[in-house]
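Structure, as structure tokens:
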Amino acid sequence: MYDDSTEEKKEFRLAVIYSILLTALPWIVHIVGNIFSLRLKQYGLQPLILEGLLGIFTMPLLHADWGHLISNTPAMLLLIFGLLLFYKHGAWHILLCLYIMNGLLTWLMGRDAIHMGASGLVYALAAFHFTSGVIKKVPRQRAFALLVAFLYGGFVWAFFPTLYKGTSISWEGHLSGLLAGITFAFYFRGEGPEPPVYLSLEEENEEDMNEEFEDGMYFDDKK
């Protein structure tokens, strides 16, 4: 017998495990880099130069310091978990698209500097979840979108370059994440959980009658 609750618990557990493993990757890179005194910052994203394209893949894994890494970790953990929980196996495709588009847009519009950190990906995930919750009529996703807005609503100020003038914060990465998240929320709007179907009173009565009829049916094979 198929048990929906057992399957849901399994999916929840897998989402927790995979989100922890993915969030651990920047920590592993940072710890290894510090232990062996590796100069990993040079592998960050450098806009508009051919060598800088590697940074599309390395940027979210590299962080300037421990504070930078710690600040990104809780949001990344929660947002990746939500993606895996709602989109199951399709989450990997969505995550890859957000990852690459955020890096590519940062490479195209970024200032002449080395861009590092997972904050661009965090913004992409947050924008994806919030936009998906708005355009899709799925109660769980809308509730998660409200949670994202409540926890990270202050992110909206990170898209204004004048607020970060003279700092090393990559507002370009934040803006790129926002654009990537909104774009793919619309592109993948047909993926994930389906909205609930609400029947009219007439349709409900008809469905009940059909169920009663089917329950009362029998076949007499005797001849």
Rounded to the nearest 0.5 Å, what's the gap from [atom1] on [X] to [atom2] on [Y]? Could you check?
| X | Y | atom1 | atom2 | result |
| --- | --- | --- | --- | --- |
| H68 | S119 | NE2 | OG | 5.0 Å |
| S19 | L84 | OG | CG | 6.5 Å |
| L53 | L104 | CG | CG | 8.0 Å |
| W107 | N102 | CH2 | CG | 15.0 Å |
| S132 | L83 | OG | CG | 8.5 Å |
| K41 | T58 | NZ | OG1 | 14.0 Å |

Taking the side chain as every heavy atom from C-beta outward, state whether [X] and [Y] have any pair of such atoms under 4.5 Å apart.
| X | Y | result |
| --- | --- | --- |
| L179 | L105 | yes |
| C97 | Y187 | no |
| R142 | K137 | yes |
| L45 | L62 | no |

Residue D65 excluded, over 12 heavy atoms near CG under 6.0 Å: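 Counting other residues, nucleotides and ligands, CG of D65 exceeds 12 neighbours.
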F86 CZ: over 12 foreign heavy atoms closer than 6.0 Å: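 Yes - once you tally the heavy atoms of other residues, nucleotides and ligands closer than 6.0 Å, there are more than 12.
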Minimum heavy-atom distance between [X] and [Y], given as atom pair plus value:
| X | Y | result |
| --- | --- | --- |
| A127 | L178 | CB-O, 3.7 Å |
| E172 | M109 | CG-O, 3.7 Å |
| G110 | P47 | O-CB, 3.4 Å |
| S71 | P74 | O-CD, 4.0 Å |
| A145 | G133 | CB-CA, 3.8 Å |
| R140 | P193 | NH2-CB, 4.1 Å |

- prompt: With sequence neighbours left out, what residues match F57 under ring-ring contact (aromatic ring centres under 6.0 Å, His included)?
  reply: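 Scan of F57 (ring-ring contact (aromatic ring centres under 6.0 Å, His included), adjacent residues dropped) gives none.
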Under 3.5 Å, side-chain donor or acceptor atoms of residues 26-40 against the rest of the protein: list the pairs with distances, not counting sequence neighbours.
unit_1	atom_1	unit_2	atom_2	d
W27	NE1	T73	OG1	2.9
H30	NE2	N34	ND2	3.4
N34	ND2	H30	O	2.7

message: Could you check whether Y43 and E51, counting side-chain N and O atoms only, form a donor-acceptor pair closer than 3.5 Å?
response: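 Their side chains do not contain a donor-acceptor pair, so the 3.5 Å distance test is not met.
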- request: Using distance alone, with no hydrogens and no angle criterion, decide if T106 and H115 have a side-chain donor and acceptor under 3.5 Å apart.
  value: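 There is no such pair (donor and acceptor under 3.5 Å, judged by atom type) between the side chains of T106 and H115.
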- prompt: Under 3.5 Å, side chain of H129 to main-chain N/O of L79, donor-acceptor pair present?
  reply: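 Yes; at least one donor-acceptor contact below 3.5 Å.
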- prompt: Does the T23 side chain pair with the main chain of I20, one donor and one acceptor, at a distance under 3.5 Å?
  reply: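 Flag not set: sc T23 to bb I20 has no pair under 3.5 Å.
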task: Might you work through the side-chain contact (heavy atoms from CB on, under 4.5 Å) test for E11 and K88, ending with a clear yes or no?
output: CA-CA 8 Å; E11 291 172 349; K88 310 297 187 294; 2.8 Å; yes
field: Among Y18, Y99, Y87, the one residue meeting ring-ring contact (aromatic ring centres under 6.0 Å, His included) with W92
entry: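 With W92 as partner, ring-ring contact (aromatic ring centres under 6.0 Å, His included) holds for just one option, Y18.
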When hydrophobic residues are tied together by side-chain contacts of less than 4.5 Å, even through go-betweens, does [X] share a cluster with [Y]?
| X | Y | answer |
| --- | --- | --- |
| L78 | F12 | no |
| L147 | L85 | no |
| L25 | L125 | yes |
| L22 | Y123 | yes |
| F81 | F184 | no |

- request: For side-chain contact (heavy atoms from CB on, under 4.5 Å), just list the numbers for N72 and H63, CA-CA rounded to whole Å, side-chain angles, deciding distance to a tenth of an Å, and then say yes or no.
  value: CA-CA 10 Å; N72 283 329; H63 290 79; 3.3 Å; yes
